[in-house]
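Just below is one structure, and these are the notes that go with it.
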Amino acid sequence: MVERRPRRERNMDAKRERILAAAARLFAEHGFTQVTTREVSEAADVAAGTLFRYATTRADLLIMVYNVEFGAAIREGLAAAGIFTDSAEAVFALINPVLERSQERPRDALHYQRELLFGQEPMKHRDAGLQLVAELEEAVGAILLRSAGRDDELTRSAAQRASRLVFAGLHLALAEPSTHAHSEKTPATELRAQVEMVVRGFQDTIRLTPDLPASAVGLHRQGEKK
């Protein structure tokens, strides 16, 4: 016998899905800045007070919507990255779906990025979005570790730093349609070149760094603190 979830939980999930669908549709049709929370609540057929139980602000609604897009882009990138043996190509294939999806509505993507990374208001969905950033960086780091052919603490640390640099490049590429930085090149072209530089730099660093045994890693780190 299949156990059914309590009606209250099912009703909450249904309201959340209606709010998510309404916000996604309105943002797509009119843009984030032209949509009000009242319009979303009316489109979702929920009271304004109910809406704020699921998203505290309009920016929180945007994060709620775009987290779905971000998560889907990461899954798409993970599948695409698996077909490449070259690490730089694999890393670019991993992050490129995020860039491609953002170009469909660049202004809303920029608002999402700003609120996710720099937003100050309490929000219900921000932590989930930041977790997606962490997952993307971890996936980049995993590709780099495989390319290194070793898995000691120093290599993991270098892979983490390099993955943060890759995300920083992606962050700037997402902002390019609004900032017009490096406008002589497409965002994808510039991002691919940056990824190539970071990945090759990581590989050269690892190649030139001795493969320290685990017992020596602690001594190395103590030396860094002196």
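Scope of the values below: all heavy atoms of this structure, side chains included, with no hydrogens, waters or symmetry mates. The structure displayed is predicted, hence computed values, not measured ones.
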Report summary line: For Phe84, the hydrophobic cluster (side chain heavy atoms closer than 4.5 Å, chained through members) also holds Ile83
Query raised in the report: What distance do Leu136 atom CG and Leu170 atom CG have between them, rounded to the nearest 0.5 Å?
Result: 6.5 Å
Report summary line: When every non-hydrogen atom of Ala81 is compared with those of Ile143, the smallest separation belongs to CB-CD1, 4.3 Å
Requested in this report: Can you sort out the partners of Ala44 under side chain to side chain contact (heavy atoms under 4.5 Å, CB included), two or more places apart, ordered by chain and number?
Outcome: Arg18, Ile19, Ala22, Val46
Report task. Please identify each residue that fulfils salt bridge (charged side-chain N to carboxylate O under 4.0 Å, His left out) with Glu42, with sequence neighbours left out. Result -> Arg38
Requested in this report: Identify the two heavy atoms, one from Ala88 and one from Val195, that lie closest to each other, and give their separation to 0.1 Å.
Outcome: O-CG1, 3.6 Å
Query raised in the report: Got a second to check how far Met123's CE is from Leu61's CG, nearest 0.5 Å?
Result: 11.0 Å
Report task. Would you sort out whether Asp60 and Tyr54 count as a side-chain hydrogen bond (donor to acceptor under 3.5 Å, both in side chains), showing the intermediate values? Result -> CA-CA 9 Å; Asp60 202 14; Tyr54 295 84; over 6 Å; no
Report summary line: The residue among Arg101, Arg105, His125 that forms side chain to side chain donor-acceptor pair (under 3.5 Å) with Tyr66 is Arg105
Report summary line: Rounding to 0.5 Å, atoms OG1 (Thr186) and CD (Gln103) come to a distance of 8.0 Å
Query raised in the report: Looking only at heavy atoms, which two atoms of Ala59 and Glu121 are closest? And how far apart?
Result: CB-OE1, 4.4 Å
Query raised in the report: Quick check: does any side chain N or O of Arg192 sit under 3.5 Å from a backbone N or O of Asn96, one acting as donor and the other as acceptor?
Result: no
Query raised in the report: With sequence neighbours left out, what residues match Glu196 under salt bridge (charged side-chain N to carboxylate O under 4.0 Å, His left out)?
Result: Arg200
Report task. Could you tell me which residues satisfy side chain to side chain contact (heavy atoms under 4.5 Å, CB included) with Arg156, sequence neighbours excluded, listed by chain and number? Result -> Leu145, Asp151, Glu153
Report summary line: For Glu39, the side chain to side chain contact (heavy atoms under 4.5 Å, CB included) test, sequence neighbours excluded, returns Leu26, Val35, Thr36
Query raised in the report: Can you list the steps and then say if Leu62 with Phe27 is a side chain to side chain contact (heavy atoms under 4.5 Å, CB included)?
Result: CA-CA 8 Å; Leu62 182 71; Phe27 290 151; 4.0 Å; yes
Report task. Classify the ring geometry between Phe70 and Tyr112 as parallel (under 30°), tilted (30 to 60°) or perpendicular (over 60°). Result -> perpendicular
**Report entry** Check: Ile206 main-chain N/O paired with Arg150 side-chain donor or acceptor under 3.5 Å
**Finding:** yes
Query - Non-hydrogen atoms of Arg16 and Met64 that approach each other most closely - result: CG-CE, 3.6 Å
Query raised in the report: Taking all atoms of both residues into account, what is the closest heavy-atom pair of Pro97 and Leu94, and its distance?
Result: CD-O, 3.5 Å
Report task. For side chain to side chain contact (heavy atoms under 4.5 Å, CB included), just list the numbers for Leu191 and Val166, CA-CA rounded to whole Å, side-chain angles, deciding distance to a tenth of an Å, and then say yes or no. Result -> CA-CA 9 Å; Leu191 182 59; Val166 168; 5.9 Å; no
**Report entry** Axial cation check for Phe32 ring with Arg58, 6.0 Å and 45° limits
**Finding:** yes
Query raised in the report: How about Val133 and Phe167: do any of their side-chain heavy atoms sit closer than 4.5 Å?
Result: yes
Report task. Quick one: do Gln160 and Glu137 satisfy side chain to side chain contact (heavy atoms under 4.5 Å, CB included)? Show the steps, please. Result -> CA-CA 7 Å; Gln160 289 170 356; Glu137 290 185 351; over 6 Å; no
Query - Common cluster, Leu132/Phe118, ILVMFWY with side-chain heavy-atom separation under 4.5 Å - result: yes
Query raised in the report: Can Leu117 be reached from Ile74 by stepping across I, L, V, M, F, W or Y side chains whose heavy atoms are under 4.5 Å apart?
Result: yes
**Report entry** Chi angles and distances behind the side chain to side chain contact (heavy atoms under 4.5 Å, CB included) call for Leu110, Leu174
**Finding:** CA-CA 7 Å; Leu110 184 61; Leu174 293 173; 6.0 Å; no
Query - Point-to-point distance, once rounded to the nearest 0.5 Å, from CD of Glu17 to CE of Met12 - result: 12.5 Å
Query raised in the report: What closest approach, in Å, do Phe202 and Ser147 show between heavy atoms, and which atom pair accounts for it?
Result: CE2-OG, 3.9 Å
Requested in this report: Taking the side chain as every heavy atom from C-beta outward, state whether Thr37 and Phe52 have any pair of such atoms under 4.5 Å apart.
Outcome: yes
**Report entry** Between CD on residue Gln113 and CG on residue Leu172, distance to nearest 0.5 Å
**Finding:** 8.0 Å
Report summary line: Between the CG atom in Asp45 and the NZ atom in Lys15, the distance rounded to the nearest 0.5 Å is 10.0 Å
Query raised in the report: Taking the side chain from Glu100 and the backbone from Val98, do they hold a donor-acceptor pair closer than 3.5 Å?
Result: no
